[in-house]
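The next block holds one structure in the form of structure tokens; read it before the comments.
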There are 2 protein chains.
Amino acid sequence: MDGSRRDPDRPRRSRPVRVAEEIKQWVVERDLKRGAKLPSESEMIGLFQVSKGTVREAMRILEAQGLIVTRTGPGGGSFVGEVSAERARSLLANYFYFQDLSLADIYQMRRALEPELAASLAGQLDKAQLDELQALAERHPQPAQSPEEEKQQHVASLEFHARLSELADNRLLGFVIGFMARILTDLTVYRRLYEPPNVELWQRGRRHQLDLVAALRDGDAVRARAVMASHMAGAEAMMAAQEAQIMRQFMAE
Amino acid sequence: MDGSRRDPDRPRRSRPVRVAEEIKQWVVERDLKRGAKLPSESEMIGLFQVSKGTVREAMRILEAQGLIVTRTGPGGGSFVGEVSAERARSLLANYFYFQDLSLADIYQMRRALEPELAASLAGQLDKAQLDELQALAERHPQPAQSPEEEKQQHVASLEFHARLSELADNRLLGFVIGFMARILTDLTVYRRLYEPPNVELWQRGRRHQLDLVAALRDGDAVRARAVMASHMAGAEAMMAAQEAQIMRQFMAE
DNA sequence: TAAGATTTGTTCGTATGTATC
DNA sequence: GGATACATACGAACAAATCTT
């Protein structure tokens, strides 16, 4: 009887992967914070009794996950590096590359979450933040003259939502909304989305953003929520005309 | 004048990282699907004119992101591998390790999303799925006798929500809810969460799950949404007693 | 069962690049 | 500019896993 036979479904983890896990644990155990220095390559070789190549593969694994950053030169080495929101979005986008998301799916989420964000932001922002949002909303006062301009304006509108998401106190709520804004932006930039410019709906959208900033300024959560809900309903109607579109792209880092 | 000076803020990307990006693009350009074979190590060496070590580091990067899997032996090599939901959750958890999420944040999201999921599932499930959910809800008919048992029951309850999330047609909605269920499960298992067993609230939660399955069976979206909303309100009250808890752990793969 | 073929896995020695002092 | 301390990259050799015969 050999109890140590491994499950053939779960392939044997290679040494670099195991070393990466050990390093991760090594960091967690010591509760190292962002910027803390990890042992050097040669120290790792001694610590884990593996060759340089194996250590380097392990480091690349951690680096790909955004957990460490590496610098050359004296005083260089590997350091604990906070995973950036941008990297997290990229890694998550890889997952949805295979998932056949539709625009309807995204708008179902936005309908549920964006009003919540709007309400939670009322009365929480300082003047500079409110002014910045207002400036974003006030760009492109004129209706688009060409499909290209239309595209730009739509990206700008999504930027408004992305900025809003960064201000969220609830980082999970902010991340999910920012993630959706990014997907929609990529779709707008790389694909032709919103082909038929709909001037009237566009104007309503712009109006909504300005109304929202006003409500946030007044600290009126109820109105902020209502305005955003109405905005989402309008945007969704804009989508309804579009075919169900599939996300199918690796998104660059 | 040297126009090719690089920005010192954005460190030079190492060769393995660049090769990984090229391979990724190589795959996207050819629209390779899950299971498609990539060039062998030796072919990569020729293709990108780099050493074996560099190729291997590049492969580890892609592997860490879940984009490829690798097998040894004849017929082995690297293959396009769909990113699993489990891996996506792990990678995202790495991000939130640094983000100071509170239980209040998670429950704000659940309040907004779980009722939406419940409503969208009404009338969409077959008998086997409904029976499975019912079986999950019917576990632990008796109130917990010990803190340990209490913990087990709470994990089981979260399993109900996790299973529900897998059934979602909207993969983004399902993923986010599943992610939260996982975080809460980890917190329950690794930390002492819900220390004071509250029998009454627990019973209400169990009742809600059974009511929800019944509503789903009837295809009654309105009732499903209402039941879930009530369930979330109850669960949140359960949380209110708890201190604001911080997520602070790398979550294992 | 055993041998051979194929492909990834791991090590080591050496050389080069890069940033600091 | 030179010395120093790191990571980066290469190439050759050997080990291990796995499929075929």
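Within every chain, numbering begins at 1; the chains are lettered A, B, ... in the order of the sequence lines, protein sequences first and strands thereafter. Just so you know, these numbers use all the heavy atoms, side chains as well, and skip hydrogens, waters and symmetry mates.
- Spacing between atom CZ of B:Arg60 and atom C1' of C:dT10 amounts to 11 Å, rounded to whole angstrom units.
- Whole-Å rounding puts the B:Glu57 CD to D:dG11 C1' distance at 15 Å.
- Atom-to-atom, CZ of B:Arg56 to P of D:dA16 comes out at 15 Å; the value is rounded to the nearest Å.
- At a threshold of 4.5 Å between non-hydrogen side-chain atoms, the residues B:Asn170 and B:Glu116 do not count as touching.
- Of the side-chain N and O atoms in B:Thr54, one or more sit less than 4.0 angstrom from OP1 or OP2 of D:dC10.
- One interatomic measurement links the two molecules: CE of B:Met59 to C1' of C:dT8, which rounds to 10 Å at whole-angstrom precision.
- Residues from residues 44-51 of chain A placing a heavy atom under 4.0 Å of any atom in DNA chain D do not occur.
- Side-chain contact check for B:Lys24 versus A:Asn94: some heavy-atom pair is nearer than 4.5 Å.
- For A:Lys52 and C:dA15, the NZ to P distance is 12 Å, given to the nearest whole Å.
- A distance-only check finds no donor-acceptor pair linking the side chain of B:Asp186 to the backbone of B:Ile183 [under 3.5 Å].
- Between B:Phe175 and A:Phe96, the two ring planes are perpendicular [angle over 60°; tilted spans 30° to 60°].
- Comment: B:Glu57 does not engage B:Arg15 in a salt bridge, judged by the lack of any side-chain N to carboxylate O separation of less than 4.0 angstrom.
- We find that CD of A:Glu63 is positioned 11 Å from C1' of D:dA7, with the value rounded to whole Å.
- In this structure, B:Gly53 reaches neither bases nor backbone, as no heavy-atom distance under 4.0 Å exists between it and the strands shown.
- Contact annotation: A:Arg15 side-chain N/O to C:dG9 OP1/OP2 distance is not under 4.0 Å.
- Salt-bridge check for A:Arg18 with A:Glu21: failed, with every basic side-chain N at 4.0 Å or more from each acidic carboxylate O.
- Taking every heavy atom of residues 35-42 of chain A and every atom of DNA chain D, pairs under 4.0 Å involve A:Ser40, A:Glu41, by number.
- Under 4.0 Å is where a charged nitrogen must lie from a carboxylate oxygen, and between A:Arg89 and A:Glu86 at least one such pair does.
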Report all interatomic pairs (protein N or O, nucleotide N or O of nucleotides 19-21 of chain D) with separations under 3.5 Å.
none

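- A:Arg139 places no side-chain N or O within 3.5 Å of a backbone atom of A:Ala135 that could act as its donor or acceptor partner.
- Rounded to an integer number of Å, the gap from A:Ile61 CD1 to C:dT10 C1' is 14 Å.
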